Asker: 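The following block contains the structure, expressed as C-alpha cells.
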Amino acid sequence: MSMIRMSNIHKYFGSLHVLKGVSLEVNKGEIVSIIGPSGSGKSTLLRCMNQLEKIDGGMLEIEGMLVEAAGDVGVKVTAAHQDIRATYRKMGMVFQSFNLFPHMTALGNVIEAPMVVNKMAKDAAVASAEKQLEKVGLLEKKDAYPSKLSGGQKQRVAIARALAMNPEIMLFDEPTSALDPELVGEVLNVIKKLAQEHMTMLIVTHEMGFAREISDRVIFMDNGEILEDCCPKEFFENPRHPRIKTFLEKML
C-alpha cells in the first residue's frame, strides 16, 4: 500500500527553485534513505511532506488521500480539513536540532503533544511516554532536564516524543548531524530498532554505511531533482549517474 505519493512537486523560496518536479512513492513498511550534497533539496522534500512548507506545484497524497495540490494540476483537495489534519498526525518528524522544551523533563517533553493535541489523560500519556522512553533506552532519565542530557540522549528523547503520537510514518531529517561522532551510534541503533518493527521511514542522512545497511531504497538528490532511486546494493556498487560516483568517492 502506498503511504506517500508525491507527484511533480515544485517548491520555490523567492526566485530559488528548490524542488524541480520531484515525484516519489513510498509504500507501507518501506525504509527509504535520501542522500545527496548539501542544498540539494532533501530537507525541503521532507518538510513539504508534513506541511512545514507549502508546495508551489504538484500533488501530495498520504494513504490515498489527496492532502495538497498546487499549481496547474487540474485537481482540487476535497477532503475535509479535520480529515487532513488527522492524516498528518500519522506522521512523526525528528529534526537535526532536538527542539526539546528546556523547562520540561524528558518525560514532560514526551507527554506534552499526546495531552495537548490528542487530549489524552495524563495517566495514559505518562504510561505511553515511559514505554517510548524505555524503547529508546532512556527510562532512567525520565526526570532529567535537557540541560543534563548529552546530544545523543536529547535526540533519543526527541524520537520518543515523535513515537508517543503513534505515527505510521517517521521522517528523520539528518538526525545525527548535530551530534559528536561517538554519540551517533546510539541514535542510529534506535532507528534500526524501528526498522525491525517495519515502521515506514524516510531518512535524510550522510551516514553512508547506515543507509546501505538499513534501507530498502536509496534516493539520491542533486540540485532539486532525484537522480537515482534504487536498492542499496545497486546504488553503492554500481551507481549509474556520474554525479553519484563523484559524491560517493568523497563520502566513502
Side-chain angles (χ1 to χ4, degrees), residues 31-47 49-50 52-53 91-114 116-117 125-126 128-167 169-197 199-215 218 221 250-252:
I31 298 157
V32 179
S33 287
I34 306 172
I35 65 177
S38 296
S40 57
K42 308 182 301 294
S43 295
T44 301
L45 186 69
L46 287 196
R47 292 175 68 84
M49 278 180 199
N50 71 352
L52 288 174
E53 302 288 353
M91 202 178 284
M93 187 156 180
V94 176
F95 302 87
Q96 298 176 38
S97 53
F98 323 117
N99 296 337
L100 298 180
F101 296 116
H103 62 288
M104 292 183 181
T105 62
L107 184 69
N109 269 279
V110 179
I111 67 173
E112 179 74 0
V116 173
V117 179
V126 168
S128 170
E130 288 180 343
K131 183 175 158 189
Q132 300 307 339
L133 286 168
E134 186 170 24
K135 180 180 278 191
V136 301
L138 284 176
L139 184 56
E140 78 283 358
K141 296 286 188 182
K142 69 177 184 178
D143 296 323
Y145 287 88
S147 62
K148 301 298 183 185
L149 300 175
S150 70
Q153 289 170 335
K154 288 177 192 172
Q155 192 59 294
R156 285 188 281 153
V157 172
I159 293 171
R161 179 177 59 184
L163 292 174
M165 294 294 284
N166 291 316
I169 303 162
M170 282 289 286
L171 310 178
F172 292 91
D173 186 9
E174 298 192 36
T176 61
S177 66
L179 301 179
D180 293 332
E182 68 269 21
L183 300 177
V184 167
E186 65 188 65
V187 173
L188 296 184
N189 285 337
V190 170
I191 300 174
K192 287 177 187 176
K193 193 184 293 184
L194 295 177
Q196 291 163 2
E197 297 172 4
M199 171 73 78
T200 308
M201 295 192 282
L202 288 100
I203 308 165
V204 172
T205 183
H206 289 295
E207 302 288 338
M208 295 299 108
F210 172 72
R212 184 171 189 160
E213 175 188 352
I214 199 173
S215 308
V218 175
M221 290 188 69
K250 290 179 180 175
M251 295 296 291
L252 297 175

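Atoms considered below: every heavy atom in the structure, side chains included; atoms not considered: hydrogens, waters and symmetry mates. The shown structure was predicted, so the numbers you read here are calculated from the model rather than taken from an experiment.
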Asker: Of the non-hydrogen atoms in Gly151 and Leu183, which two are nearest, and what is the gap between them?
Answerer: N-CD1, 4.0 Å

Asker: Please name the pair of heavy atoms, one in Pro146 and one in Leu100, separated by the smallest distance, quoted to 0.1 Å.
Answerer: CG-CB, 4.0 Å

Asker: Identify the two heavy atoms, one from Met221 and one from Pro37, that lie closest to each other, and give their separation to 0.1 Å.
Answerer: O-CD, 3.4 Å

Asker: If you round to the nearest 0.5 Å, how far is CE of Met165 from CD of Glu112?
Answerer: 10.5 Å

Asker: Just how far is it from atom CD1 of Ile203 to atom CG of Asp173, taken to the nearest 0.5 Å?
Answerer: 11.5 Å

Asker: Within a radius of less than 6.0 Å around NZ of Lys131, do more than 12 heavy atoms belonging to other residues, nucleotides or ligands occur?
Answerer: no

Asker: For Met199 and Ile31, work out which heavy atoms get closest and say how close.
Answerer: O-CG1, 3.9 Å

Asker: Between CE of Met93 and CG of Leu46, what distance do you get to the nearest 0.5 Å?
Answerer: 5.0 Å

Asker: Between Leu149 and Ala144, what is the shortest heavy-atom contact and its length?
Answerer: CD2-CB, 3.9 Å

Asker: Yes or no on side chain to side chain contact (heavy atoms under 4.5 Å, CB included) for Gln153 and Phe98, after CA distance, side-chain angles and deciding distance?
Answerer: CA-CA 10 Å; Gln153 289 170 335; Phe98 323 117; over 6 Å; no

Asker: When rounded to the nearest 0.5 angstrom, what distance separates OG1 in Thr44 from CG in Leu52?
Answerer: 10.5 Å

Asker: Using 0.5 Å steps for rounding, measure from the CD1 atom of Ile169 to the CE atom of Met201.
Answerer: 12.0 Å

Asker: What I'd like to find out is whether the side chain of Lys192 reaches to under 4.5 Å of the side chain of Glu213, using heavy atoms alone.
Answerer: yes

Asker: Between Thr176 (side chain only) and Leu179 (backbone N and O only), is there a donor and an acceptor less than 3.5 Å apart?
Answerer: no

Asker: Only one of Leu133, Asn99, Ile111 forms a side-chain contact (heavy atoms from CB on, under 4.5 Å) with Arg161, so which one is it?
Answerer: Asn99

Asker: Is there side-chain contact between Leu194 and Leu163, with at least one heavy-atom pair below 4.5 Å?
Answerer: yes

Asker: Mind checking the CG-CD spacing from Leu139 to Glu134? Nearest 0.5 Å is all I need.
Answerer: 5.5 Å

Asker: Identify which one of Ile191, Thr205, Val204 satisfies the side-chain contact (heavy atoms from CB on, under 4.5 Å) criterion when paired with Phe172.
Answerer: Ile191

Asker: Start with the C-alpha distance between Lys42 and Glu174, add both sets of side-chain angles, then the distance that settles side chain to side chain contact (heavy atoms under 4.5 Å, CB included), and finish with yes or no.
Answerer: CA-CA 10 Å; Lys42 308 182 301 294; Glu174 298 192 36; 4.1 Å; yes

Asker: Please answer whether the main-chain N or O of Pro175 pairs with a side-chain N or O of Gln155 as donor and acceptor at a distance below 3.5 Å.
Answerer: yes

Asker: Identify the two heavy atoms, one from Thr105 and one from Asp143, that lie closest to each other, and give their separation to 0.1 Å.
Answerer: CG2-O, 3.4 Å

Asker: Evaluate the side-chain proximity of Ile159 to Lys135: yes if any heavy-atom separation is below 4.5 Å, no if none is.
Answerer: no

Asker: Could you go through the side chain to side chain contact (heavy atoms under 4.5 Å, CB included) check for Val136 and Val157 one step at a time?
Answerer: CA-CA 7 Å; Val136 301; Val157 172; 6.0 Å; no

